[in-house]
Each structure stands twice: as C-alpha cells, then as structure tokens.
Amino acid sequence: MEPHELEDKWQKKWADARIFEPDVSEIRKFFLTAAFPYPNSPQHIGHARTYTTTDVYARFMRMKGYNVLFPMGFHVTGTPVLAMAKRIAEGDKEIYEIFKNIYNIPEHMVSQLNTPEKLVDYFSKEIELGMKEMGFSIDWRRKFYTYDKMFNKFIDWQFIKLNEKGYLKQGSHPVPWCPKDNNAVGSHDTQGDVDPNIDEYVLIKFKFGNYNLLTATFRPETIYGVTNLWVNPSVNYVRIESNGESYIVSSDAAEKLKHQMKLELKEQVRTVELIGKNCTNPMTGEEIPILPADFVDPRNGSGVVMSVPAHAPYDFLALRDLKGTSFENYSDRAVQVIELAGYGKYPAKEISEKLGVADQKDPKAKQATEELYRAEAHEGRMITGKYRGEKALTAKEKIKQDMLAEGKVLLMYDIINGPVYCRCGTMCVVKKVEGQWFINYGDEGWKEQVKECLKQVSIIPKKTIVEYEYTIDWLKEKACVRASGLGTPFPFDRTQIIESLSDSTIYMAFYTISPYLKEIDAEKLYPEVFDYLMLGKGNAKEVSTKFSIDEQLLNKMREELLYWYPLDSRHSAGDLIHNHLTFFLFNHVAIFPRELWPKQIVTNGFVLMEGKKMSKSMGNILPLREAIRKYGTDVVRFSVVSGADLSQDADFNSTMAEGIASRMNSIEMLVKRCNEFPLESNTVDNWLLSAIHKKVKFSEEHYKNLELRDIAQDEFYGAINELKWYLRRGGKNRKVLREYLEYLILLLSPFIPHFSEEMWEKLGKKEFVKDSEFVSIAEWPKHDEMKIDTSADLSEQLILNTREDIDNIVRITKMTPRVIYIYCASDWKRKLYSLAYKEKKFDVVMKEAMKDDRMRGTPKEAQRVIEQLIKNVNYLSPTVLSSRQEKEALEGAKNFLSSELNADVFILSEDEAQDAHSKKARQAMPMKPSIFIG
RNA sequence: GCAGGGGUGGCGGAGCCUGGUCAAACGCGACAGACUCAAGAUCUGUUGGCUUAGGCCUGCGAGAGUUCAAAUCUCUCCCCCUGCACCA
C-alpha cells in the first residue's frame, strides 16, 4: 500500500473511533499543549518538530494508560497579518513573490487574501490540514482562535486579575515609529525586515549665550575631558524651544525630538554663527570653542558632538585635521578622564597612531573607536571628578543621574542601527509613548514566587533551567498593549489592543472549557463567570442566576478545568524561554493557586534543511505538506524528532529520509513473512529475545525523558541491525521473530503511528503482547526479566569478536583460510578472570591463584595470564561464560562461521591442542579464544 | 557588553555529567567486491598511519595541569553560533 493510502486509512479510522477526544473520566489524566501557531504562513518542517515531539509524548502517555488531552488553537493576535493583508491589497510585488515562490500559492489566490480575516482563514486551514496529515493526536473539538469573542472575554478577565494584583502599571515608553503611518513599527513593517534597535543618548546642555547647544553622547562620564564642541559646517541647524529653554540641534534631530518631547521649532541657525565662538561646559564651567568637523552626522543624535580628544579617536583625529586651518591653535589639546592599563595620558591618540588611522574619514577610525570604548568601559577607571577611582562603566550611570537631577541634560532615544525605513518609505523615528500600559514583570515579590514555582517544574532539557532563572531575573516592565492589531481590546483602555505575548500566557486553561463556551453567548461571559470557572470563586447557582447561564454547563466546565488542570507538559521551541515560557510561569503564578501551577516544560531545537537554516531569503523552506507528499508522514515525523538531541537542531535531508523509508520497508517485509518461518530453534534465538526485552526495559525511561534520539537509535536503527544479524546468523524461528516484532511495533508506534497501525494489523492476532484494535491505544508492554539472557548476550558477543578476530588475521596475513581451529580457554583462566575482575591487583590475584593446585603446578603460566588480565582489568565484564558455554556458543555458530569464511571450522578447548597448535592455543583467554588458521 | 550553546575522523553527529571496554556509536559520503548487458537500487567489506597472526603508533580547537590513565576533570587562551524584548 502506498504511504498516503495507508495514512488516510488510519487517520480516518482514528477519527471515526474518536480515540483522541478525551473527556473527564475516572482514569488518570495527562494534559499537554504545544505553542499554538500564528497563521501568517504555511507551516514548514521546522514547525513540525515541536508538534511531533508533543505528539510522540502524547501517544506514549496514552499507551501508558493515561487519559491524554492534546488540544490545538490558533494565535491570531498582533500586527503581522494586518501588515500582510495591507501589502496584498496594495499589490506589493515582494509579498506576491513570497506567496508564489516560497509558499506555492497561485497568484489568483493571493490577490484574494487581502484582508486579515481571509489570510487567517486560509493559513489556519492549511496548518490544520497539515497537522491532521501528520497524524497528530489532537482533540480538534477544543480548537479556538484568539480573536474569538469568548477568548477576548477570557483575556479581559486575565487582565482584570493582573490589575487586582497590582501587576499592571502605566508609564512612558520609547518605540520605533513611522511618522507618516502614525504607528509603531516592528520588523515586519520595515523595508528589508530590519528590526529597529533603540538606544538612549544623553543630551548635554552647553550654554551658548541665551541658548544651549545640545550634544549627544553615550559617554557622559567623559564630560570632564571636553575640549570643544563639533558642528558640521554643511549641516542645517535650528533653534528649538521646549519647556522654557532654548536649544540648538541639527534640523534632522529636531524632527526626531518632536516625537519625544513638546517643542517649538524656531529659526535656522547658520554654522558661521557658531563656529569659533565659545560655550560653557555645564560640569566644569569651562569656556570651550565650537569647531567644525565633517564626521558629525546630522542624523545621529542631536547633530552636535562634544569633543573628548583624549578618549575619542574621532575627536582626536578631527582636531588633528584642523592643522593648517584657521583653527590650528586648538589642534593639540587633551584632558585625560579615564585611566586604562596599557595606555598613557592620551589613549585616543595612541590607538589612532597604533592603527595608523589617516584622518576622520578613514574607516579605521571606527575600529579604533570601538576598540578603545570597549576597553575603557570595561577596565577603565575615573581619574577625575566626583567619582574618581570608580570604574568608568558605573561612573557613567551615576554621572548621568546626577546631571539629570541638576537639569543639565535631557535624554533622547534614537535608532542606532538606522536609518531604518518603514515600508511606506518614511524614515522611522523613536516615539516616546505616554501612558503606555505594562505588565510589571519587574515586581520583586512576583519574581520570588515565580522562582518558587520554577523549583517544582520539571524542566526538560535540564540544562535550560539556568536560562529560565536568568530570564526571571532580567525581566522588567513589558509593554502589553499596542495601538493596532488583532486581538483583545485592553479592559482599561479599549482603544488599545493587548499584544500577542501577553494574551498567550494562560490560554492552556481555556482549552479545558472551550467546547462548552461555544454554547454560551459570549456577552454573558463576565469576569465573575471566569472567577468561578477558573478559580472556583462563588458558586455555580449564583453565577447561573446572575448571568443566565445553564448551571449544569457551569458545573461541567468547572469539573473539566479541575480534571485537566494543572497542565502536565508544555512544549515549544527553545527560543521561547526568553519570553513566552517565562511569561507563562509568571501569569500562572499570578492568577492560579499553587496546585494549578504547570508541572513540566519541554523545549526543543529547530530543524535545518540540508544542513542550513531555513529562511525566506535562502528560499530553502520545505513546507510541511509538501514534505508529507514527498516522503510520507511517518518519515517526516521520524526525521524531525530523531535527527538530534532534543535541544540541538535536527537536520532534515533527503538521504536520511530515504534511509528511514527503506528501513521501514525492511521491517514490513519481515512482518509479512514472519509467519512463513519454521519453528526451528537456533542458539541465536535467545539472544534476539534478550535484545527485544532489553529494548522494552530501557525505552520507557527514554520516552519519559523525551530522549527521542536515543529511542530512534536503539529501537529503530538498532532493531534493524539486530534483525539483520539474527537472519545472517541463521535464525529462523517464527515464534521468536513474531515476539520481537510484536514488541517492536509497540515501541515504535508513538514515532511512526501509521506504519505501526498497519503492521499491527498485518501481524494479526497477537501472541506475545496484549492485543488491541489500534496500536495507538494498545497497552505499553512490560519486559520479561527472565528473557534478558546475559549468557546469550555474551555468547553472541563472543561470536562477533571471534568473527572480527579472524577477519583481522586474514586481512593482515592475506591468506585464504581453508581450515580454522578455535581454541577456548580453560576454566582455570576463567577463575583468574573473575578474581582479576574482583580484586584488580596483580599480587592479590597471584596469591589467590597459588592456593589452587592446578595453577600452582604451572606458576609461570598463571602469572602470564594474570598479567594480561590485569593489563586490561577495566575491560573485563562482570560475568564470563564457562569453557563449556563458550564451546557450545561457538559450536552453535560453527555453520555460520564456516559458510561466511568458506573454511572448515573446528572448536576445541585449549587442552586439546596438539603439536604446532599447542603454543598458540595457550594464548586463549576467556571471551577471546585463540585462533589458528591453516 | 551580558547570557546561553558549541569547537571530535571527508561530512553530519554521539561520547563527555559518572576518567580506562574510544581509532571513537549511528548515519552520510568515498573506495572495493557481488548482482546487472549497463546504470540505479540492494547486499558484503574497507575507509588515521604502519603491520604477513588478532599488534603498534599518532589522534578529539590551542596550551598547561591533575592522574598509573583524559575527547572525558581543572585552569588559561583562541574561534564559531544564538538571544537581549514589546516582535510573532
């Protein structure tokens, strides 16, 4: 059967039997969720990693006997789809190209996706189909969209709760802004998808007559070393008035400052009115000149720069460049502010000369600046001013605060990776938004509780715990609303929309009640209703009467929540630790009682495509549904989760995918043929049974810890190799094979469920494990300790070693063996082996050995054997076969060896060796028989 | 800068927490052989160097140390990747 027929067949059967639609029951539950998708593009194989990991886990837990709930919804909050719909409506070429070439959506379809709703509808359906084709065991009855009315009411309630706790606050906040669109811009709003980076300049007021020149700097601590100011003669400067004061800045800066403070634009100021005149350093009171420099960029900061030639290479260079002009007499002045090991009094000069920087236009000036700034900030110490002796970095902050308090400076935000342009073509600025709402993740008491919570959450992989700890410490106020976007209006200012990372923190609880909420008019979902449903406040009767909602329904929902919550496992890619997953903890701690806090978080790495990161620009995105069509669901499932350890990136490539398919094929052949095998037993039978029971024994732990890669290695690739070896060794026992396969299919079922169902069906009535209509809900097998057979394992190991040794000899001697004698070591050597394993010391073993009559007879030989054993004392295994067992094992493999090597094989014990062989035979050691090739 | 993750055979990638069975799992690639008219697929073997008896040597970013013994532990250094927010 074609993979796709097979997939359809089982997906349909599962759906018909509703085996993934759990309800409240007596059975112990397991509730797990994966981060829901944002439907602004088709999902690719990378998205499938998290969901497949979750699904494998869900399927495993289901087989372990849990009532498992794995729901899914769609996150349609925020601005990207808005921006996308707008671009489509406007006929933006670039987006049409992306849709056509990368998403494979025909052009006539694209033009219809011109509203956010249509886009969401299109992509969410596409994604849902993909998830269904992947065979994810999702309960689709619980699906919702975050712009559903009922969800809005839920989020409304959440924010009312946060406010009650005092976790919401208002303040001002700088955001990247498009002055034309009058809107905040994210990376998806900018040309080339650039993410604007905002940094803070300190604007220092230098008194100039009745005005102030405003210089912009990142290094206010160098104020003590200012020798002059710089203005660019070819730039337009203007006078502005704000807060009763008058300032001079570049006209570009004035435009930007408009968005950050109230100001009036006054007259132009010609640079000739400035250059050569003096102004006053507000810190030192010193009079300093205003000089011309070309490096000053009017678009950066204020367009006026303070010159600190001792520490700023540009300033030193610009001064030096004045030589030969009328300002020549200013050209060699420097005041040292910071002391730095390895530098003298004039670090900027020293580094510029060291690097051979020609002038202020030389690109090397930038390098010199970066190098010196880094060193000084990190290791430099103040040698002047109030904070003399302190580190430059700490002094910087203190000096800034002091001057702020004294009214000597203003602050200005600027985009430091600019200029960044909005898609509309306008250059973005920074706007200081007043009255911005925040969730105060900086609240110390809250942080403490979250840390408490973290202690009781099982974090997988363990090593990511530090990242959560770090994030909890580092989080501060998080702006939680935006002026536009899809989602829930903010309850305390309905003109604002709650942004997407803030409305997705406790939605897991919503799944428990979402199917029932659909029966209620959303308008009735007042906060008190959720108080009851989520927190058990009040009682169903009251709520029912007050809001005319069916009491039974309320009880039912409360019951669902209490049954499913807390969440047993949360899954996402590792990049969300720094925001979503930590917010998730914060919000649960804030809103829910301790017993409903999450139990586990699992994060995973990404998927690479043929070794490279998938990206639109590389054009190497493999859409999930295309991958399914090409390789089949189970192959895709297997590839994305088994290619790497959980936290590492997995590589998807076609050779690997084909390899998986061909191995599945091998298993299928055996399943089909296994009943044709005779019942003939062979010494290798016990080994195969031992192997499968070991797998059963150890795979459970791997599944629990989501060590999916190990499962793939041991249970899939390992099984193939074992089966191959079994057949090669002449194994052909129908029962043994069936037993192996029945267990194996159970172990593989969470990974490759469609294939497993088919094999489960093909195997027919089970003879060794408990049967079930679907392997997907079959009982997880238990191993039989009795069948784990150490001596069978050792025997097989012995045969393998012997085979390899013979190969080695043949290869080195280049002879064609016609007859092979294998001599097994005597039992007295095995006694020494066990002694050596136990005692590990030569003299102890030797002493013990001499108590034995046989060995006392030939002390030299005993000594030689002990020496050898002690030499490799750490390689010895705890148990060892007896001479008889060894001979039996080899005897059982005689035909195998004989036919593989095309030679007559004789198995003897070393005592039976004669003549020329006897010397060689004496070298036999336990588990390493001596070999004589003739 | 801060935080996190890495540097292992031609490549991907285990192992390193709990030092010895590590010339290093597993896979890919390459080479040789079988099958085939041939190619592909498949199967068998080889794939650091030396070696006519299962052995020896060199090796896991660089350097130093601890140890009988280090890819594995400690220290120093170099290099690479990711994140740093209001954005899903």
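The sequence lines fix the lettering, A, B, ..., with proteins before strands; numbering per chain opens at 1.
- Regarding the sugar-base torsion, B:rG27 falls in the anti class, its angle being beyond 90° of 0.
- With B:rG27, B:rA14, B:rC87 as the candidates, the nucleotide lying closest to the side chain of A:Arg709 is B:rA14.
- Spacing of P atoms, B:rA71 relative to B:rG65, comes out at 15 Å, to the nearest Å.
- Here B:rA25 presents its P atom at 18 Å from NE2 of A:His702, a figure rounded to the nearest Å.
- Nucleic acid contact for A:Asn808: sugar-phosphate only, since backbone atoms but no base atoms lie under 4.0 Å from a heavy atom of the residue.
- Side-chain atoms of A:Pro176 and A:Ile198, non-hydrogen and from C-beta on, do get closer than 4.5 Å to each other.
- Taking the P atoms as reference points, B:rA23 lies 11 Å from B:rG55, given to the whole Å.
- Ring geometry for A:Phe716 versus A:Phe638: interplanar angle of 30 to 60°, hence tilted.
- The side chain of A:Lys724 sits closest to B:rC43 out of B:rC43, B:rC86, B:rG29.
- Rounded to whole angstrom, the span from the CD atom of A:Glu804 across to the P atom of B:rA53 amounts to 19 Å.
- As judged by a 4.0 angstrom heavy-atom cut-off over every strand, A:Ile577 is placed among residues making no nucleic acid contact.
- For A:Phe583 and A:Tyr441, the ring centers sit closer than 6.0 Å to each other.
- Note on A:Phe932: a base of the nucleic acid sits closer than 4.0 angstrom, heavy atoms only.
- Atom pair A:Lys478:NZ and B:rC86:C1' shows a separation of 3 Å (rounding to whole Å applied).
- A parallel orientation is assigned to the rings of A:Trp474 and A:Tyr470, their planes being inclined by less than 30° (bins at 30° and 60°).
- Taking atom P in both B:rA69 and B:rA25, the straight-line distance is 26 Å, to the nearest Å.
- Among the atoms of the strands shown, none is found under 4.0 Å from any heavy atom of A:Ile806.
- Residue A:Asp651 contributes atom CG, which lies 10 Å from atom P of B:rG12 at whole-angstrom precision.
- At the heavy-atom level, A:Ser930 lies under 4.0 Å from base atoms of the strands shown.
- Against RNA chain B, the stretch residues 915-924 of chain A makes heavy-atom approaches under 4.0 Å through A:Lys920.
- Nucleic acid contact for A:Thr77: sugar-phosphate only, since backbone atoms but no base atoms lie under 4.0 Å from a heavy atom of the residue.
- Between B:rG27, B:rA3, B:rG45, one nucleotide has an atom nearer to the side chain of A:Tyr717 than all others, and that is B:rG27.
- Across B:rG54, B:rA14, B:rG83, the shortest atom-to-atom separation from the side chain of A:Asp645 is found for B:rA14.
- As judged by a 4.0 angstrom heavy-atom cut-off over every strand, A:Asn579 is placed among the base-contacting residues.
- Ring pair A:Trp446/A:Tyr167 is parallel by interplanar angle, where below 30° counts as parallel and above 60° as perpendicular.
- Considering only side-chain atoms of A:Trp474, the nucleotide from B:rG5, B:rC84, B:rU44 that sits closest is B:rC84.
- Rounded to whole Å, atom C1' of B:rC86 lies 5 Å from atom NE2 of A:His173.
- In this structure, A:Pro929 reaches the bases: a heavy-atom distance under 4.0 Å links it to at least one base atom across the strands shown.
- Checked against the 6.0 Å centroid criterion, the rings of A:Phe906 and A:Tyr821 qualify as a close aromatic pair.
- In this structure, OH on A:Tyr51 lies 7.0 Å from CD on A:Gln43, to the nearest 0.5 angstrom.
- Comparing the C1' positions of B:rU8 and B:rU72 gives a spacing of 11 Å, expressed to the nearest Å.
- Look at CD on A:Gln713: it is 10 Å from P on B:rA14, rounded to the nearest Å.
- Of the candidate nucleotides B:rA85, B:rG54, B:rC26, B:rC26 has the atom lying nearest to any side-chain atom of A:Asn721.
- Where A:Pro196 and A:Glu467 each meet RNA chain B at their nearest nucleotide, the meeting point lying more 5' is that of A:Glu467.
- In this entry the distance linking CZ of A:Phe583 with C1' of B:rC86 reads 8 Å, nearest Å.
- Residue A:Lys463 places at least one side-chain N or O closer than 4.0 Å to OP1 or OP2 of B:rG6.
- Aromatic ring centres of A:Trp725 and A:Phe896: separated by under 6.0 Å.
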**Report entry** RNA chain B base-pair string [pairs: Watson-Crick or G-U under 3.5 Å; |: paired with another strand]
**Finding:** ((((((((.[[[..)....(.....]]]((((((.......))))))(((....)))...[[[[[..)....]]]]])))))))....

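- Across the protein-nucleic acid pair, A:Lys476 atom NZ and B:rC84 atom P stand 12 Å apart, rounded to whole Å.
- Across all strands, A:Glu477 comes closer than 4.0 Å to base atoms (heavy-atom distances).
- The aromatic ring centres of A:Phe36 and A:Tyr507 sit less than 6.0 Å apart.
- For the pair A:Pro929 and A:Leu890, the minimum side-chain heavy-atom distance is below 4.5 Å.
- Proximity of a side-chain donor or acceptor of A:Arg663 to a complementary backbone N or O of A:Gly659 within less than 3.5 Å is detected.
- In terms of position along RNA chain B, the nucleotide closest to A:Arg803 lies nearer the 5' end than the nucleotide closest to the other residue of the pair A:Arg803 and A:Ile812.
- Residues A:Tyr413 and A:Tyr201 place their aromatic rings such that the two centres sit no closer than 6.0 Å.
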